[in-house]
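All figures in this text were calculated on a predicted structure; none of them were measured in a lab.
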Amino acid sequence: MDVAQLDSGSFCKCKTCINAIAKERSGVASVLYFTNEMADAIGEAYPGLWVSMFAYYGTSTPPAKTMPRDNVNVSYCFYTVSYTHLTLPTT
């Protein structure tokens with residue numbers, strides 16, 4: 001199971017997400033909250049199944065208080081290249 005955010009520094013601006021961002025001092029707080037909720041539900045139904053959270057642009061500061069669950073793997077994408085704009089060579 002994979003969870004990902006938009007690949008930008010623009011995070012949700014609803015009241016709930018802004019409160020989470022302020023509490024955790026991290027833009028990725030609400031994404032981690034959602035990932036942890038999924039990991040809890042999936043862990044109960046399917047023990048041993050991992051949930052992967054993809055961390056993109058704007059997520060270099062981890063949440064101050066909340067940690068990923070034991071069945072959550074966070075994969076940080078450190079590349080800043082947009083592959084949608086690359087042209088592959090033709091043969």
Quiz item: Should Leu32 and Pro68 count as side-chain neighbours, where that means a heavy-atom distance under 4.5 Å?
Solution: yes
Pair up each side-chain donor or acceptor in residues 37-47 with any protein partner under 3.5 Å, not counting sequence neighbours, and list the distances.
unit_1 : atom_1 : unit_2 : atom_2 : d
Asp40  : OD1    : Arg69  : NE     : 2.8
Asp40  : OD2    : Arg69  : NE     : 3.3
Asp40  : OD2    : Arg69  : NH2    : 3.1

Quiz item: Side chains of Thr66 and Asn36: closer than 4.5 Å at any heavy-atom pair?
Solution: yes
Quiz item: Distance from Glu24 atom CD to Thr61 atom OG1, nearest 0.5 Å?
Solution: 12.0 Å
Quiz prompt | Neighbour count >12 (heavy atoms, 6.0 Å) for atom OH, Tyr33 | solution = yes
Quiz item: Considering residues at least two apart in sequence or located in another chain, which fulfil the side chain to side chain contact (heavy atoms under 4.5 Å, CB included) criterion with Lys15?
Solution: Asn19
Quiz item: Is any side-chain heavy atom of Pro63 closer than 4.5 Å to a side-chain heavy atom of Val28?
Solution: yes
Quiz item: Between Ala20 and Ser30, which heavy-atom pair has the shortest distance, and what is it?
Solution: CB-N, 4.4 Å
Exercise. Examine distances only and state if a side-chain atom of Thr35 and a backbone atom of Met53 form a donor-acceptor pair shorter than 3.5 Å.
Key: no
Exercise. Report the residues that fulfil side chain to side chain contact (heavy atoms under 4.5 Å, CB included) with Ser75, sequence neighbours left out, ordered by chain and then residue number.
Key: Phe54, Asn73
